[in-house]
Each structure stands twice: as C-alpha cells, then as structure tokens.
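Every chain is numbered from 1, with letters handed out A, B, ... down the list of sequences. Remember, predicted model here, so these are calculated numbers, not experimental data.
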Number of protein chains: 4
Amino acid sequence: MGIQERKRRERKRRRRQILVAAKKVFSIKGFTKTTMEDIAREAELSPGTLYLYFKNKDELYASLSVEILEHLYNKLKRVYVKEAQSPQRRIDLLKQTLFEVYEFDPLILVNLFHLQSSDILKNLSAPMLAHIRDLSQKTIDLIARIFEEGVSGQVFIEKPPQELSNVMWALFSGIVLWEESKRIINDQSVPVHPAFDTAFEIFSRGISR
Amino acid sequence: MGIQERKRRERKRRRRQILVAAKKVFSIKGFTKTTMEDIAREAELSPGTLYLYFKNKDELYASLSVEILEHLYNKLKRVYVKEAQSPQRRIDLLKQTLFEVYEFDPLILVNLFHLQSSDILKNLSAPMLAHIRDLSQKTIDLIARIFEEGVSGQVFIEKPPQELSNVMWALFSGIVLWEESKRIINDQSVPVHPAFDTAFEIFSRGISR
Amino acid sequence: MGIQERKRRERKRRRRQILVAAKKVFSIKGFTKTTMEDIAREAELSPGTLYLYFKNKDELYASLSVEILEHLYNKLKRVYVKEAQSPQRRIDLLKQTLFEVYEFDPLILVNLFHLQSSDILKNLSAPMLAHIRDLSQKTIDLIARIFEEGVSGQVFIEKPPQELSNVMWALFSGIVLWEESKRIINDQSVPVHPAFDTAFEIFSRGISR
Amino acid sequence: MGIQERKRRERKRRRRQILVAAKKVFSIKGFTKTTMEDIAREAELSPGTLYLYFKNKDELYASLSVEILEHLYNKLKRVYVKEAQSPQRRIDLLKQTLFEVYEFDPLILVNLFHLQSSDILKNLSAPMLAHIRDLSQKTIDLIARIFEEGVSGQVFIEKPPQELSNVMWALFSGIVLWEESKRIINDQSVPVHPAFDTAFEIFSRGISR
DNA sequence: GATGAATGAGTATTCATTCAT
DNA sequence: AATGAATGAATACTCATTCAT
C-alpha cells in the first residue's frame, strides 16, 4: 500500500468521523440549532477541520442524505440486475432494501424533505446539487421500472392512472407519515393506527369489495 | 355590536393580514431566509406589530399550519357527522376534502414536516403545542374511524396488519412524495411517474394477480 | 419643524457620532486591527446600529475620506467661483485650503492611499464608488484649472519659499500621487494632467514669473 | 565551495523564490486578500515552508519593500561615491535610479504607504524594524546630500521640463511623503530635511542656475 | 395599539500559524 | 528541510426581539 493510498484512506476515515458526529448532533438538536462547533466537539476535531472536508454547514447536512441515497441506489441496482428474478421477487427485495435504509436512519424522510427546502439547496455547490438530482432521478426510475416490467409482463394488473389519485394519495399518506415522524422524533412507542393498514389499500386503489 | 366586539373583529382582521403575508413570504424564501421584517413589509405593518399578535417567529410559522389543520379537521367532522352516509361515500368525501386542503396550500406537507422538527417545536408556547397535538390526534382518529367502520360494517375487506407494512409503505411513499415535493417547489409540470399508480397498489397490498 | 425634519436631523447626528468614533479608533489601531465592536464601544452604540448607517466596515472607512474630499471640493469651488480673484490669490487660497484639510486630518494621505487599495474598493456599493470617483475627478480638475489660468494669464510673480511649504507641498503632491496611483492600479492610460508640470514648479517654489 | 556555502546559496534561492511569488500575488489581490497559501501555491512550496524563511505574513510583506529600498540605497551609494562627478550628473543619475526602481515595481509607493500603517509595523521583529528605519534614513540623507552639494557648489544650470518628469517627480515626492507620513503617524518631531526646499524646486523644474 | 430605531447575542467561516511526520 | 493537515482564535454581520415614543 503506497503512501498515496494510506492518505486517501485516512482522509475517508476523517470524513466518516465527521459525518457520524454530524448525524448524531443534527438528530438531537435539529439543523438550525446545531452549530458547527457542536459537531466539531462531537467529532473531537476543531471547527476549522470540518471545512477541510465539507464546503459549509449545508453541504455537510446534505452529505448525510446523499450517503443514504447512494446506499439505496446501489442496493436497488443489485436488486434489478439479477436477470432471473420474477417481478414479485423484485418487489420483495425492494421492500427489504427500503427497510434496511430505514433501520440505518429512521429520520431519512424528514431529512430528505428538509433538504428539499430552498433554504438549503441554494447553498450547495453545483456538483453536489447535480449529484443529488441525478441520484434521486435514477433511484425513482429504477423503482418505476420494477413495477413497469411487472405490468408489461402481465404479472401485475395494469391500473389506469386515476385522475388526481397520486396527489390525493400523497396527501393522505403525508398526514400519516406526519404521525409516524412524530413517533420517530419523540421516540415514543405510539404505533401508527392499525386501521391504516386497510386505509392504505382502499385509498390507493379506490376499490372496495 | 359593542365596542368590545368591534375591537375583537379588528384584531382578528390584523391577525389574518399577517398570516396571509407570512404565508406568501415563507413559501417564496423558506423559513430561515424569511425575516420578520420581510413579513412586516409584506403586511404593510411594522416589525413590532407582529409581536402584538404572535409570540415569536416560530409561533407565527406554526400558526399557518394550525390554520390548515383546523380547516381540515372541521371539514372531516362534517363528513363524519352525517349519520346516513355509507362508508364508501365517506371515503369519497375524505378524498375531496384532502384535495381542497392541497389546493389551498400545496406546500402543506413540507410545512408540516418542518413544523415537526425539534427546531421549531421547542420555541412554541405550551398552549400552542398542546393545541397542535390535540388537533392532529383528533384528525388522525377521525380518519381512522372512517376506515374502521367500513371494516366492521364489512363494507371493506379487513386486511390483517402485515409485519412492518406501515413502515415500508411510509418509506416507499416518502420517496415518491419527495419527488412530488420537488415538483411543487420548483413549480415544474413534471408529473409523478405513472408507473407508481400501480406501484402504490401493489406495495400497500403486497398482492398481485 | 415637522417630525420628518426632526428625524432627519437625528439621523444625521447619529451618522456623525459614528464617523467621529470611527476616525478616532481607526487612527489609533489602523484599519485591520480595528473591530466594528471597537467603534461601537467608542460611539456608545451597539454593533448592530453601525450597520443601520453604513453598509459594512469598508464603507464606513471610505466615508471618512469622502467627508474630507467633499469638504475640500466645496472649499475649492468657493475659491474658484469668485470671478474677480487673481491667479496669485487663488494659489494662496488653495494652499490655505489644503492646509486646513491637513489640520483636520493629518492622516488624509495615508487614508487615501489605503482607500485606493483594491482590498477596500471591491466592497463598496456602486453609488459610493461612483461618488468617490466623481469627487476626486472634479477636485483634481479644479486645482488644475487654477494653475492653467495663472499660466495663460501670465500673472505670477516671483516669491521666496515660505515656511510650511514642505507640508503644503506634500499635501498637494499627495493628491496628485493619489491620482497617479489610481492610474497604476487600474492600469489605465490616463496621464497626470499636464498642467501640473507647471503647477509643481509654482507650488513648490512659491514663485511665478 | 564547501557544503556550508552551497546550503547558504540554496537558502537564498528559496527566499528569492518566495519573494517573487509573494510580490506577484500581493500585487494582484492586495495584502489582506492574499493568503499565505496563495503565496505557497504560487511558489510551488507548502505553507509551512514559508515560515522557515519569514517570521510571519507581515514580515514577508515588509521584506518586499526592504528589497527595493536596499536596491535603491546601493545604487545611490554608487552614484554618490564617485568623487569626480558633478552635481548635475548626480541629479541625472538619481533620476535614472528612481525610474529604475519604479520600473521594477510601480506599486512601490502604495506598498510603502501600506507598510507605514501601524497594522503592519507592530508585527515586525525588532531587527527588521530597525533595519527599515536605518535604511530609509540613510537613503533620505543620501538624496539630500546630493542636492545640498549642488546648491552650495552653485553649479546647476537651467533646463526645460523633461518627458516623464511627472512620474519621476512622483517617485521622488513619494519618498519624501513616506518620510513625512512616518513623522505624522509616529508623532515624532523629526522635520523633513530642509534641503528638500531646494530639492523640490530643482527636481520638479528640472532647472538649475 | 402601533411604531421602528436600537439592541446585542449568536455563529458560520477564514486563515495565519504550528508541528508531527 | 519540507510538508500540509490540523488548529482555534478572531470577527464581520444578521436579525429576532424590545421598548420609548
């Protein structure tokens, strides 16, 4: 292992060290209330060092979400690549992958939504921004393709798009997600209401017996 | 109408004037970048006046979401109250109500998620906080009840809770919502991918043909 | 006196209060070592207040020089305007004016040189920058005209060097040097005004034909 | 040549390499905006190395001016030393020398003025400071002597103003101004050398008896 | 009630300087 | 000698909030 390689690894280790500290502090104090000094202290580094690895606070914050998105995308690629798999099997793997991501960071949704706010996006470097856009686009495409193939292979029923169904579904699920996020943030053991198991089905299908 | 009453109305009018201005500025500049002076200017009032009607910036921001939640809850109450209605009809009214709310403020989801962040919650007055908790609990209960009655009346199929299905569903829908929010924020007419119409169904039911 | 007028005066008084404090601290500690808090403390105001009257530290610094330039220009205008005066008399008044400026702020040359540095110029607002350029151009033009007319009218008479001539010569040449340094820094090919060839002679010798 | 000698030369070469880089970057970005890393990059060295050759940023900056002052002083010494030369010839050589310095660094006046600011002087090491004071004193003395002897020997003859006289005059007066500004800043009662009363006349007119 | 000038606490960011390798 | 990663002190500037009028 050359000296170059050793340095590269050392650098990666530091980056990780900072990200771990940042994730911890952000999830406790929230984005605004967290100071760069808080993170530095948690990482046992000086404030200045943080800026050797991340352009600014926003970019450090965004990097946390990017990490998970990358993980998700790479996992999904592997799900999709294996030719032999049936659409049904792919759905199962998709679910499993999503759950893994969730276990790694239960706040992923809250963070992604916050990342979306113009507050943060405007301070990111162009490459970082492009990377995020590209990554989320490819992830969405991949997920969509899994379902499309199921439909075209006639394994899944094709359901004609319903007027506004997506938006309404999004609103409905958003409200439930909001409940869910309260549970996560406050770390209370209040489960989502069980009635929603049925609700999701009905609402998204627009079907009843 | 007594002088007391006139004052009360005047006071309500001012409050509304501020909320309208706040909503406008917040949705353009985001929470952090919006200053109290921005809002004051938009409302054609002085900064000091804002504090006669709202305890602080966080409480002003939260009030916007509370307004919509109150609107949603009141609508849903009316949906539920009418005894004669069938569960199916109630679902339809629920969808319609949600869409109304969406039209009133497409950013509602983003705002609710932001409100959830500990950043803001910690600055709210106790009564305000209690009000929000109460309101969201009652709203969720109401929605749940609509589905429960459909199930107990055997109008809807009862679906046994699947292990983790809620969480996975939330993750999946969260990612799609994230896409949707990009569309709203950037005001582009990129619709959610049509494949998701089928995806929602499959994913939430865990069922295929 | 209306309320408007009273406010305008109050505002002007505050501005002056800040400038006086700034001049004092700057001349003791130099530009870089002086902090905005130093100035605020000296002016018995809070740091934030400084920014209600000056866009930033650079603009506050520049305003000090602008003030003197304005004073100089206005004095010189009066010198020039009185039609009946002889060129000789105008030279005397010019010397007197320069000496007044010197007495008001002996550091004027150093400040003008520093102001000239790209460090500061780049942070000034466009109007401020334009004002400075305009003011210095007009001042230089005015001085040049005084000598031109004396020469073309062939009215100077010889006199022995006067006491203080060095200081006055320094002030005069400093202004021309300032012009020259601008030329050097901006790499523009605007030569020093040719009238100064004669001006130097007359000014330094106190002699004319 | 011993190993000692080789090392000494190598050391000098590095020093020069740094000064060349520093001069280039300082003249582009100005003192404050130039970082030590900028200079290191330009010199193709590491930041740490700069500190092996210069105590700190201020001392590096000052060294640039010292270099030129040394050059000027050495040249002038040679002008003066040759006994046989006439005062007139000495004036010509003085002019020529000043112009050389000007060509080497047109920003010399600006730099000297900046060096004069208390900002920088306070950070210099005692020997460096003494060296600067000594050097400038001796340079001024030398120039003064040239004029004194010309006057006392009654040997100047009249000449018409020469091309470039403005620039040369500026250089000359700049040095005196620099002296004058030191006096002002340090509040010392060292008057400008009286010989300059005559010097100004001769130098600016290009005339002698 | 309304104002808006003044406040001053709070923080992201920079960069000269150091020192282990 | 040279490196350059790490340091951490230093500070301009912002803006939510207050309060005398």
Side-chain angles (χ1 to χ4, degrees), chain A residues 3 6-7 10-11 14 18 32-41 43-60 123, chain B residues 7 10-11 14 32-41 43-61 123, chain C residues 3 6-7 10-11 14 18 32-41 43-60 123, chain D residues 7 10-11 14 32-41 43-61 123:
Chain A
I3 198 166
R6 197 172 329 136
K7 280 195 179 172
E10 179 60 22
R11 200 176 157 74
R14 269 271 189 281
I18 295 171
T32 309
K33 294 256 174 63
T34 295
T35 69
M36 290 302 264
E37 205 185 322
D38 287 337
I39 297 171
R41 201 181 308 114
E44 296 183 328
L45 291 169
S46 76
T49 305
L50 268 48
Y51 288 87
L52 296 178
Y53 294 87
F54 299 93
K55 192 186 139 215
N56 54 38
K57 189 182 174 184
D58 286 326
E59 197 134 337
L60 172 51
N123 255 350
Chain B
K7 277 197 177 174
E10 179 60 22
R11 200 176 157 73
R14 270 271 191 279
T32 309
K33 294 251 175 66
T34 295
T35 69
M36 291 300 265
E37 204 187 321
D38 287 337
I39 298 170
R41 201 180 309 114
E44 294 182 336
L45 292 168
S46 76
T49 305
L50 267 49
Y51 288 84
L52 297 176
Y53 294 87
F54 299 92
K55 189 188 143 213
N56 54 38
K57 189 183 174 186
D58 287 325
E59 198 135 334
L60 171 51
Y61 180 83
N123 255 351
Chain C
I3 197 165
R6 197 174 328 138
K7 280 196 177 173
E10 179 61 22
R11 198 175 159 75
R14 270 270 189 280
I18 294 171
T32 309
K33 295 255 173 65
T34 295
T35 69
M36 291 302 265
E37 204 185 323
D38 287 337
I39 298 171
R41 201 180 308 115
E44 296 182 328
L45 291 169
S46 75
T49 305
L50 267 48
Y51 289 87
L52 295 178
Y53 293 87
F54 299 93
K55 190 185 139 216
N56 54 38
K57 189 182 173 185
D58 286 326
E59 197 133 337
L60 171 51
N123 257 350
Chain D
K7 277 197 178 172
E10 179 61 21
R11 197 174 160 76
R14 271 271 191 280
T32 309
K33 295 251 174 69
T34 295
T35 69
M36 291 301 265
E37 204 187 320
D38 286 337
I39 298 171
R41 201 181 307 116
E44 296 182 333
L45 291 169
S46 75
T49 304
L50 268 48
Y51 288 84
L52 298 176
Y53 294 87
F54 299 92
K55 190 189 141 212
N56 54 39
K57 188 183 175 186
D58 287 326
E59 198 136 336
L60 171 51
Y61 181 83
N123 255 350

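Closest non-hydrogen pair, B:Glu59 versus B:Phe54, comes out as O-CD2, 4.4 Å. Across C:Ala40 and C:Ser46, no two heavy atoms sit closer than the pair CB-C, 3.8 Å.
Side-chain N or O atoms of D:Asn56 include one that pairs as donor or acceptor with a backbone N or O of D:Asn123 at under 3.5 Å.
When rounded to the nearest whole Å, the span between CD1 of D:Ile39 and P of F:dG4 equals 17 Å. Rounded to an integer number of Å, the gap from D:Glu37 CD to F:dA2 C1' is 16 Å. If you take CD of B:Glu59 and P of F:dT17, they are 10 Å apart, rounded to a whole angstrom. If you take CE of A:Met36 and P of E:dT14, they are 10 Å apart, rounded to a whole angstrom. Atom pair A:Leu50:CG and F:dG8:C1' shows a separation of 12 Å (rounding to whole Å applied). Atom pair D:Asn56:CG and E:dT18:P shows a separation of 9 Å (rounding to whole Å applied). One atom, CG of D:Asp58, and another, C1' of E:dC15, lie 13 Å apart when rounded to the nearest Å. Rounded to whole angstrom, the span from the CG atom of B:Asp38 across to the P atom of F:dT14 amounts to 13 Å.
Residues passing the side chain to side chain contact (heavy atoms under 4.5 Å, CB included) test with B:Glu10 are B:Arg13, B:Arg14, sequence neighbours excluded. Under the side chain to side chain contact (heavy atoms under 4.5 Å, CB included) criterion, D:Arg41 pairs with D:Glu37, D:Asp38, sequence neighbours left out. Residues passing the side chain to side chain donor-acceptor pair (under 3.5 Å) test with A:Thr34: none are found, sequence neighbours excluded.
From A:Ile18, atom CD1 reaches atom CG of A:Leu45 across 5.5 Å, with rounding to the nearest 0.5 Å. One distance of note links CG of A:Leu60 with CD1 of A:Ile39; it measures 5.0 Å at 0.5 Å rounding. Atoms NZ and OG1, on C:Lys57 and C:Thr35 in that order, are 7.0 Å from each other to the nearest 0.5 Å.
Within the nucleic acid shown, B:Thr34 comes within 4.0 Å of sugar-phosphate atoms alone, with no base atom in reach, counting heavy atoms only.
Distance from the side chain of C:Tyr51 is smallest for F:dC13 among the nucleotides F:dT17, F:dC13, E:dT14.
Position along DNA chain E of the nearest nucleotide to D:Lys57 versus A:Lys55 favours A:Lys55 as the more 5'-ward residue.
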- Task: List the protein contact pattern of nucleotides 3-10 of chain E with one symbol per nucleotide (5' to 3'): B for base contact, S for sugar-phosphate-only contact, - for none; contact means a heavy-atom distance under 4.0 Å.
- Result: BB-BBB--
- Query: For DNA chain E, what dot-bracket results from Watson-Crick or G-U pairs at under 3.5 Å, with [ ] for crossers and | for inter-strand partners?
  - Reply: .||||||||||||||||||||
